[in-house]
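Ligands are counted one by one from 1 in listed order, and the atoms in each one are counted from 1 as well.
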Amino acid sequence: MNVKRAGMMGSGKTTVGKILSQAIDYSFCDSDTLVEQDVGVTTVAELFQIYGEDFFRDKETKALEKLSGVHRYVVSTGGGAVIRDENWTYMGKGISVWLDVPLEELARRIAAVGTKTRPLLVNEQGDAYTKAFRRLSALFEQRYKAYENASARVSLENIAAKLGYKDVSNITPAMIAIEAIEQIGHIL
Ligand SMILES: Nc1ncnc2c1ncn2[C@@H]1O[C@H](COP(=O)(O)OP(=O)(O)O)[C@@H](O)[C@H]1O
Ligand SMILES: O=C(O)C1=C[C@@H](OP(=O)(O)O)[C@@H](O)[C@H](O)C1
């Protein structure tokens, strides 16, 4: 069995995925890292700059195909991986978990670390939060139906409601990993 984490950029696929993998004694892998190693670049941002998005998407599909054969892995996929139908052939093997985080929280997180590392955000105008929020809203509109294909959905709004929290920003990665285990633990 393996577990694929899907969700928008900044949703915590890597941060929560690492904690989840330790908790269930699985290995962890990030599909972006596999693409970077394959192409020989240090960041996806660099890859976008040199080769463009289409090249990246082809490499991403190849990485997902490779990762579909591994066992006892938590795999963090890139935020846009859900869009290509072919990718679901690979992501659909094992359990896929959509990490559903409100756009305002995603924009806050990305603004805090800067938009430079997120190549799809660099052409926007305005301050970091506005840039991130505007672009993420447009991407989410194109992608939300694809995220709904995932076999499980871990929603920060639902966790907040369950714990009586007013604000999703107080929900820690460990709390999110626990919610994921509650949802998928019985099928691991
Ligand atoms: N639950 C959380 N609360 C606050 N910040 C978080 C949380 N999860 C992730 N982050 C932060 O958000 C940013 C993006 O997280 P990351 O795991 O890289 O997302 P992704 O892999 O989905 O792009 C990082 O700076 C990370 O520290
Ligand atoms: O949303 C997207 O299309 C992308 C998300 C990024 O991954 P993260 O979701 O890990 O940031 C990375 O794959 C690339 O910049 C494209």
Side-chain angles (χ1 to χ4, degrees), residues 3-21 28-39 41-64 67 74-84 87 91 96-124 128-129 131-144 146-147 150 154-160 163 165 167-180:
V3 181
K4 313 282 177 0
R5 314 276 306 173
M8 293 286 287
M9 63 181 87
S11 59
K13 299 180 295 292
T14 307
T15 311
V16 178
K18 283 181 179 165
I19 296 171
L20 175 66
S21 68
F28 175 82
C29 185
D30 186 324
S31 66
D32 281 349
T33 307
L34 214 64
V35 171
E36 286 160 5
Q37 287 167 355
D38 178 23
V39 181
V41 291
T42 41
T43 63
V44 166
E46 187 188 345
L47 190 159
F48 267 64
Q49 212 170 24
I50 304 171
Y51 301 102
E53 182 172 355
D54 290 348
F55 178 87
F56 168 76
R57 295 294 170 203
D58 289 342
K59 291 289 179 189
E60 181 174 56
T61 298
K62 287 213 170 66
L64 293 170
L67 288 167
V74 173
V75 176
S76 165
T77 64
V82 293
I83 280 296
R84 266 196 191 181
N87 292 349
M91 291 169 65
S96 49
V97 180
W98 171 23
L99 193 43
D100 186 11
V101 177
L103 294 172
E104 292 81 0
E105 174 65 12
L106 292 177
R108 258 197 302 270
R109 289 181 191 176
I110 289 172
V113 291
T115 51
K116 279 205 190 90
T117 56
R118 314 278 175 178
L120 292 178
L121 304 179
V122 290
N123 293 328
E124 294 289 325
Y129 177 89
K131 277 195 325 197
F133 184 78
R134 193 183 303 127
R135 186 78 173 109
L136 288 167
S137 302
L139 288 172
F140 187 69
E141 197 52 38
Q142 294 163 15
R143 294 176 178 176
Y144 74 92
Y147 288 127
V154 170
S155 152
L156 262 62
E157 279 174 344
N158 290 351
I159 300 173
L163 299 176
Y165 284 27
D167 190 345
V168 297
S169 63
N170 295 323
I171 300 172
T172 65
M175 290 173 182
I176 301 164
I178 289 168
E179 173 65 21

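- Of the possible donor and acceptor atoms, one in the side chain of Glu36 sits under 3.5 Å from a partner among the backbone N and O of Val44.
- A heavy-atom cutoff of 4.0 Å around ligand 2 is satisfied by the protein residues Met9, Lys13, Asp32, Val44, Phe56, Arg57, Gly78, Gly79, Gly80, Arg118, Pro119, Leu120, Arg143.
- Applying the salt bridge (Lys or Arg N to Asp or Glu O under 4.0 Å) test to Asp30 and every residue at least two apart in sequence or in another chain returns nothing.
- Taking 4.5 Å as the limit, every side-chain heavy atom of Ile176 sits out of range of all side-chain heavy atoms of Leu20.
- Relative orientation of the Phe48 and Phe56 rings is tilted, given thresholds of 30° and 60° on the angle between their planes.
- When only modelled atom types and interatomic distance are considered, Arg84 and Thr61 share a side-chain donor-acceptor pair under 3.5 Å.
- Side-chain contact between Lys4 and Leu64 is absent, with no heavy-atom pair separated by less than 4.5 Å.
- Counting only residues at least two apart or in different chains, side chain to side chain donor-acceptor pair (under 3.5 Å) contacts with residues 109-119 comprise Glu105-Arg109.
- The backbone N or O of Met8 lies less than 3.5 Å from a partner atom in the side chain of Ser11, making a donor-acceptor pair.
- In this structure, ligand 1 sits under 4.0 Å from heavy atoms belonging to Met8, Met9, Gly10, Ser11, Gly12, Lys13, Thr14, Thr15, Arg109, Val113, Arg118, Ile171, Thr172, Pro173, Ile176.
- Under 4.0 Å is where a charged nitrogen must lie from a carboxylate oxygen, and between Lys62 and Asp38 no such pair does.
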